[in-house]
Each structure stands twice: as structure tokens, then as C-alpha cells.
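Below: the structure, in C-alpha cells.
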Amino acid sequence: MTLASRRPLVAGNWKMHTTLEEALALASTVAGRCRTVTEVEVALAPPFPWLVPLAERLEGSGIALGAQNCSQFERGAFTGEVAAFMLTPFCRYVIVGHSERRALFGEDDAVVAAKLIRVVEHGMTAILCVGERLEEREAGRTLEVIERQLSRACQDLPAHRLGQLVVAYEPVWAIGTGRPATPQDAQEVAAFVRTWLGRRFDEGASRALRILYGGSVTAGNAGTFFAERDIDGALVGGASLDAEQFCGIVEAARVAVTRRTKEA
Ligand code: PEP
């Protein structure tokens, strides 16, 4: 199965940015510009409080919503947390294991694994972020780190839930730095992820799974990543706050998938 048969996903992670007015305006612009793009799935992950107004604004647009995080707990006395079941009415996706959560909020692999289960059990798809730090890449430990993160995050995932998983390869040193990985390095990791999941779970399901690249993706460089055979879209931070840039990335995914379909 190639990019031609996997529908690419371009997801925008707005992080802790946007006022309500900015969020509504950005979502409306993206929805307007992506109106005719059926070949690519587009998702927006705004801050929690904007999920409900954005769900209303985007109704019928085909644009999916994602949450940037959720609690590892099912429900209860967890002040300030948002449970997965509370997101189900609004979200198709939940990002888990983002490097900012791991580095700034102390989320370890066990917490990421628990969040992953909450997300899929509540009917959503988890966008699981994995990625090495610069010193790990320089020490030649990239694939070892990716394997550890994958195996721990997926430790409790039943095989029949693999269809509710998207993996985003996000090298930590490439996030928000303007210094993306090379498409070849990103492809090497994406291929490793697909093979690893195929062995651990099921080859057919792993071939159908979407693997995204994230880390300083722009409209200018997105096409070089989407030309790689195991990269099925992007998780976009900074550039997702700029409609022109974000829609340019969506367009690059559309061009890539159209080309693959013709070649297939
Ligand atoms: C991210 O935070 O997931 C990300 C990829 O950020 P950026 O696109 O800004 O590098």
C-alpha cells in the first residue's frame, strides 16, 4: 500500500496560540480554501476551549478536529484535566506524546501509553508523536529511541485498534527550529516505524497506517517529505497558524497523492 491508497493527513497543532476570534477566523479561512480538497484529510488541533465553537464553525466542512492532549485517567478528582470521553463528541483525533508534553510536563512512556488507550477506547484516533533528541541522533541512537517509544506507548494497544493509530515522527531538534530533518532521514524512520508495527501487530494494518512527519514543515518544503513513500502527511506547528502556509502544505499533499495515484 502506498501514499496513493493511504489518504494523507495534514494536521495543524495550534499549541497555546490564538484568541477565540483568531481561531474562528483561521478555521474559516482554512475551511474555505480546502473546500474542494477531497484527496487529503485536514485536521485542526486548537486549544481546548476553542473546540466547541470550532466544531460549530466547521460543521459540514469536512475538516476534522483534534485535541492536543487528554488525561491518562478515565474520570474523577483530577483538577484541571480533560478526559478522553469529554473530547469524543468533538474530536476525531487526539495528539499524545508530543515532545513538549514529554519535556515540559514530565510525561513518560507509561503516561503516553495510558493516554493512547483512553483515546482509542473512546472511539478517537491517537496521533502518537515519537522522536529523538539531537544528542540521541548524533550518537546514532535514533532508531533505538523510536523503537523504545513505540513499544512502550503501544504496550497495551490491542491489535484490532491499530486502525485508530497515526504515528507522527517528530525529531525534537526539528520542532519549531526552522531546521527540518532531511526527507531521506524522515523516510528512514517512517519505514522503520511501519516495519516495526507490522511485526508487532499486523502487516496489512501497518501498511494501511498513516505516518506523518513533523518538524519545521512549511509550504515550501512539504512536497519533499510527501514524495517519500512512507510519509503520509504532516503534523504542523508554527506554519499551521498561517492559513496561506497551512493550505500550501495541504496542497502539496494533494499534488503528491495525485501524482502517486497516476503512477500506481
Ligand atoms: C510540532 O510542534 O508538532 C511541530 C511540528 O512544530 P513546528 O511545525 O513548528 O516545527
Side-chain angles (χ1 to χ4, degrees), residues 8-18 22-23 26 30 40-48 50-51 64-70 91-107 111-112 115-116 119 125-134 136-137 142 145-146 149-150 153 165-183 185-187 189-190 193 210-226 228 230-253:
L9 169 64
V10 175
N13 172 10
W14 291 0
K15 309 194 183 187
M16 203 170 72
H17 294 293
T18 67
E22 288 165 348
L26 182 54
V30 169
V40 179
E41 187 178 7
V42 178
L44 301 176
F48 281 130
W50 307 160
L51 281 170
L65 282 175
Q68 299 172 18
N69 184 28
C70 72
C91 295
R92 192 179 302 163
Y93 295 99
V94 181
I95 299 169
V96 296
H98 191 280
S99 66
E100 287 155 13
R101 301 293 319 168
R102 294 181 194 255
L104 304 174
F105 300 94
E107 288 187 12
V111 169
V112 175
K115 291 186 178 197
L116 189 62
V119 171
T125 293
I127 301 179
L128 169 66
C129 300
V130 295
E132 81 288 0
R133 296 193 307 260
L134 186 58
E136 292 166 330
R137 172 157 284 271
T142 299
V145 170
I146 301 299
Q149 291 175 341
L150 271 182
L165 183 68
V166 170
V167 177
Y169 169 53
E170 297 211 311
V172 177
W173 46 271
I175 296 179
T177 59
R179 197 157 78 82
T182 66
D185 285 346
Q187 163 60 26
V189 175
V193 168
R210 289 173 297 177
I211 300 174
L212 315 182
Y213 168 73
S216 297
V217 175
T218 63
N221 65 26
T224 63
F225 292 101
F226 302 155
E228 298 293 337
D230 285 294
I231 298 177
D232 311 309
L235 181 56
V236 186
S240 71
L241 293 166
D242 177 330
E244 189 79 29
Q245 278 288 323
F246 187 68
C247 296
I249 296 167
V250 173
E251 175 59 16

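Below, all heavy atoms of this structure are taken into account, side chains as well, without hydrogens, waters or symmetry copies. For the single chain, residues carry numbers from 1 onward in sequence order. First listed ligand is number 1; within each ligand, the first listed atom is number 1.
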Determine whether N69 and K115 make a side-chain contact, defined as any pair of heavy atoms from C-beta on separated by less than 4.5 Å. yes

Taking every non-hydrogen atom, the tightest pair across L9 and L212: O-CD2, 3.5 Å

Would you call E132 and Y169 a side-chain contact if the rule is heavy atoms closer than 4.5 Å? yes

For a 4.5 angstrom cut-off between non-hydrogen side-chain atoms, does V130 reach V189? no

Starting from atom 9 (O) of ligand 1, what is the nearest protein heavy atom, named by residue and atom, and what distance separates them? G238 N, 2.8 Å

Residue S216 vicinity, atoms of ligand 1 by number, heavy atom under 4.0 Å: 7 (P), 8 (O), 10 (O)

Is there a side-chain contact between W14 and L26 in this structure, where contact means two heavy atoms from C-beta onward sitting under 4.5 Å apart? yes

What atoms of ligand 1 come within less than 4.0 Å of a heavy atom belonging to E170? 1 (C), 3 (O), 4 (C), 5 (C)

Could you list which atoms of ligand 1 come closer than 4.0 Å to a heavy atom of L235? 5 (C)

Is there a side-chain contact between S99 and I175, using heavy atoms and a 4.5 Å cut-off? yes

Would you mind listing which atoms of ligand 1 come within a distance below 4.0 Å of any non-hydrogen atom of G215? 5 (C), 10 (O)

Which residue and non-hydrogen atom of the protein lie closest to atom 1 (C) of ligand 1, and at what distance in Å? H98 NE2, 3.2 Å

Between L65 and P46, is there a side-chain heavy-atom distance shorter than 4.5 Å? yes

Nearest protein heavy atom with distance in Å, relative to atom 4 (C) of ligand 1: G237 N, 3.6 Å

Heavy-atom pairs closer than 4.0 Å: do any link ligand 1 to the side chain of A174, the backbone, both, or neither? backbone

If I compare all heavy atoms of A67 with all of F48, which pair ends up nearest, and what's the gap? CB-CE2, 3.9 Å

To which protein heavy atom is atom 2 (O) of ligand 1 closest, and what is the distance rounded to 0.1 Å? K15 NZ, 2.5 Å

Contact check: T177 vs ligand 1, nitrogen or oxygen atoms, below 3.5 angstrom: no

For G176, take its heavy atoms, then give the atoms of ligand 1 lying under 4.0 Å from any of them. 7 (P), 9 (O), 10 (O)

Enumerate the atoms of ligand 1 whose separation from the nearest heavy atom of I175 is less than 4.0 angstrom. 1 (C), 2 (O), 4 (C), 6 (O), 10 (O)

Please confirm whether A239 comes within less than 3.5 Å of ligand 1 when only nitrogen or oxygen atoms on both sides are compared. no

So which heavy atom on D230 is nearest to which on I211, and how close? O-CB, 3.5 Å

